[in-house]
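Below is one structure, written out as structure tokens, with a few remarks after it.
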Amino acid sequence: MSIQIYNTLTRQKEAFTPIEEGKVKMYVCGPTVYNYIHIGNARPAIVFDTVRRYFEYRGYEVVYVLNFTDVDDKLIKAANELGEEVPQIADRFIEAYKEDVGAFGVKEAVYHPRVTENMDEIIAFIKSLIDKGYAYEEGGDVYFRTRKFNNYGKLSHQSVDELQSGSRIEVGEKKEDPLDFTLWKEAKDGEIRWESPWGEGRPGWHIECSTMAKKYLGDTIDIHAGGQDLTFPHHENEIAQSEAHNETDFARYWMHNGYINIENEKMSKSLGNFVLAHDLIKQHDPQMIRFFMLSVQYRHPINFSASLLESAKNGFERIRNAYENAKHRKDTSMNLTQDKDEWLEEIRGLKRRFIKEMDDDFNTANAIAVLFDIAKSANLYLQKDQTDEEVLDAYAELLKELTGVLGLEIETTEELLDEEIEAKIKEREQARKDRNFQKADQIRDDLKDRGIVLEDTSQGTRWKRA
RNA sequence: GGCGGCAUAGCCAAGUGGCAAGGCAGAGGACUGCAACUCCUUUAUCACCGGUUCGAAUCCGGUUGCCGCCUCCA
């Protein structure tokens with residue numbers, strides 16, 4: 001069974017077949033780095049990181065490219081407001097992006113190209129489009145001749161005429177046609193600029209992705225991904241540019257993630273109702289946030305609220321508990337062989353289910369449901385009077401392996417306790433033996449205040465961090 | 001106006017023809033010195049109306065409500 005991907009281009013799930021055996025060339029539209037990212041920006045980062053991890057789990061090499069838009073109108077505006085230069089701002093927020101997204105367990109891309117580092121390629125790309133008649137220069141700007149590209153609208157499933165009727169016609173535009181879009185923009189006074197055959201200026205937004213995808217991945221890539229709102233016009237324009245230029249298909253599979261809503265309203269920087277990832281990870285376990293995001297199918301919208309986060313926290317805790325319980329029980333486990341094989345077969349079956357769910361368009365919601373079933377199964381096994389080390393290991397390893405595929409870190413207690421706390425726990429155990437429960441409870445309360453939660457099991461007392 | 005999405009238990013959320021997954025919260029019980037963890041039990045006329053079918057949450061037609069894109073946006 002192969003991996004199925006819902007392709008925006010065809011509006012259906014398709015079996016994934018790579019261009020090159022065993023390799024996935026994947027381009028994800030990255031952020032414009034003029035501010036900290038909000039959690040809506042974090043969703044594609046997390047979702048497509050999970051896609052990447054799953055491909056890798058299934059044995060593919062993934063060439064993962066995520067670009068940074070480090071020059072555009074918003075950056076220029078931010079620079080003016082803050083009294084800084086564009087490159088300074090870009091550098092700062094690229095670092096912030098990597099830090100925030102890293103907290104969510106997102107791996108670094110193989111390539112993180114920046115617009116300003118690919119200016120020669122971008123200019124050459126535009127020049128070639130002009131040579132082919134797909135673009136024209138007008139007063140220092142360069143525009144793409146949209147109607148000349150016959151397949152325009154194939155991704156968003158709109159005809160050029162329908163788009164035309166809905167489009168705004170700006171007064172004083174230099175465009176031949178309202179549907180044409182900017183490839184190169186003439187610099188205004190004081191704006192950051194690059195030399196070009198059309199005078200000093202900077203690239204339009206869409207051209208960077210076409211150029212950098214080609215440079216790092218080739219004329220045709222396997223997967224192009226981004227937020228739903230990029231479908232039109234951004235991705236549609238990329239297709240027009242790239243296919244006009246390369247004269248071949250640009251991307252075989254297009255993936256788009258749904259929005260995050262706040263109070264059922266779209267969150268966006270322009271609406272001002274956003275939650276910055278940077279702030280959120282100070283208040284909540286970022287791993288739990290990732291778990292929350294993956295608990296919904298990536299194409300569906302997610303509503304965001306404190307109570308939903310609380311619910312996710314408790315759910316994630318359940319999976320972590322099962323893992324810790326299995327590991328803890330192992331210390332006192334005996335090796336028994338009677339029904340070992342049945343349990344190991346059960347464990348293999350659960351793993352197959354996880355893979356089956358992920359194969360179906362990365363259905364992380366169902367994959368997480370399987371994680372809960374593994375936790376339940378492990379907990380049931382742990383109820384037995386006697387357990388087998390191999391089975392306990394198999395449960396713990398499976399939980400670690402599959403949470404890892406989702407980019408979730410299940411380990412919570414790498415740090416060892418200091419001696420004082422260790423001594424307190426021993427002291428309490430003695431108190432319990434002496435049936436001095438008042439003292440025992442006192443110690444437990446004290447440690448709880450210090451963030452250490454104690455649990456008494458039939459195999460002895462164990463602790464975890466709150 | 002064009003294109004598209006969504007409506008499933010108190011909440012979240014899977015499920016595209018065959019007795020409605022899973023989680024959170026609640027209630028009751030077991031275990032426990034008490035807790036915690038865990039286990040067991042427990043809650044759905046799948047927005048509405050009509051149709052196709054032996055059989056529909058799922059397919060078709062219609063209705064209502066909410067949302068997105070068509071303009072910078074993940």
(message) Could you tell me if Asp361(A) and Tyr298(A) have a donor-acceptor pair between their side chains, going purely by distance under 3.5 Å?
(response) yes
Identify whether any heavy atom of [X] sits under 4.0 Å from a base atom; if not, whether one sits that close to sugar-phosphate; answer base, sugar-phosphate or nothing.
X	answer
His300(A)	sugar-phosphate
Gly226(A)	sugar-phosphate
Thr231(A)	nothing
Gly153(A)	nothing
Glu357(A)	nothing
Asn363(A)	sugar-phosphate
Phe232(A)	sugar-phosphate
Leu380(A)	sugar-phosphate

What I want to find out is whether [X] reaches [Y] closely enough, with some N-O distance under 4.0 Å, to be called a salt bridge.
X	Y	value
Lys25(A)	Asp222(A)	no
Lys327(A)	Glu411(A)	yes
Asp373(A)	Arg353(A)	yes
Glu346(A)	Lys351(A)	no

Closest listed nucleotide, where the reference is the side chain of [X] and the choices are [options]:
X	options	result
Arg432(A)	A74(B), C34(B), A36(B)	C34(B)
Tyr259(A)	C34(B), C69(B), G2(B)	C69(B)
Val296(A)	U38(B), A74(B), A13(B)	A13(B)
Ile260(A)	C12(B), A74(B), C70(B)	A74(B)
Glu455(A)	C39(B), A36(B), G33(B)	A36(B)
His157(A)	C12(B), C3(B), G15(B)	C3(B)
Lys74(A)	C72(B), C39(B), C34(B)	C72(B)
Asp229(A)	C3(B), A74(B), C37(B)	A74(B)
Met267(A)	G33(B), G15(B), A74(B)	A74(B)

(message) I want to check one thing: is the phosphate of A36(B), taken as OP1 and OP2, less than 4.0 Å away from some side-chain N or O of Asn321(A)?
(response)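 It does not, given that no N or O in the side chain of Asn321(A) lies less than 4.0 Å from OP1 or OP2 of A36(B).
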(message) OP1 or OP2 of G4(B) versus the side-chain N and O atoms of Arg11(A): is any pair under 4.0 Å?
(response)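 Yes, within the criterion.
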More than 12 non-hydrogen atoms from neighbouring residues, nucleotides or ligands closer than 6.0 Å to [atom1] on [X], yes or no?
X	atom1	answer
Gln283(A)	CD	yes
Tyr111(A)	OH	no
Asp385(A)	CG	no

(request) Could you summarise the pairing of RNA chain B as dot-bracket text, marking Watson-Crick and G-U pairs under 3.5 Å with ( ) or [ ] inside the strand and | across strands? (result) ((((((((.[[[..)..(...]]].(((((.......)))))....[[[[[..)....]]]]])))))))....
(message) If you assign each of Gln438(A) and Ser295(A) to its closest nucleotide in RNA chain B, which residue comes earlier from the 5' end?
(response) Ser295(A)
(message) Can you work out whether Phe437(A) or Glu317(A) has the more 5'-proximal nearest nucleotide on RNA chain B?
(response)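 The residue mapped nearer the 5' terminus is Phe437(A).
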(message) Under 6.0 Å between ring centres: does that hold for Phe362(A) and Phe55(A)?
(response) yes
(message) Consider ring-ring contact (aromatic ring centres under 6.0 Å, His included). Of His234(A), His224(A), His157(A), which one does Trp254(A) pass it with?
(response) His224(A)
Side chain [X] and base [N] donor-acceptor under 3.5 Å:
X	N	value
Asp161(A)	G2(B)	no
Asp456(A)	C34(B)	yes
Arg444(A)	A36(B)	no

(request) For Gln228(A) and C70(B), give me the distance from atom CD to atom P, rounded to whole Å. (result) 11 Å
(request) Check the distance between A36(B)'s C1' and Asn379(A)'s CG and give it to me in whole angstrom. (result)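 One finds 14 Å between C1' of A36(B) and CG of Asn379(A), rounded.
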Extract from the structure each pairing of a protein N or O with an N or O of nucleotides 22-30 of chain B at less than 3.5 Å, listing the distance.
from	atom 1	to	atom 2	distance (Å)
C24(B)	O4'	Ser311(A)	OG	3.4
C24(B)	O3'	Asn314(A)	ND2	3.4
A25(B)	OP1	Asn314(A)	ND2	3.2

(request) Kindly indicate, with the supporting measurements, whether the criterion side-chain contact (heavy atoms from CB on, under 4.5 Å) is fulfilled by Ile207(A) and Asn237(A). (result) CA-CA 8 Å; Ile207(A) 194 68; Asn237(A) 291 353; over 6 Å; no
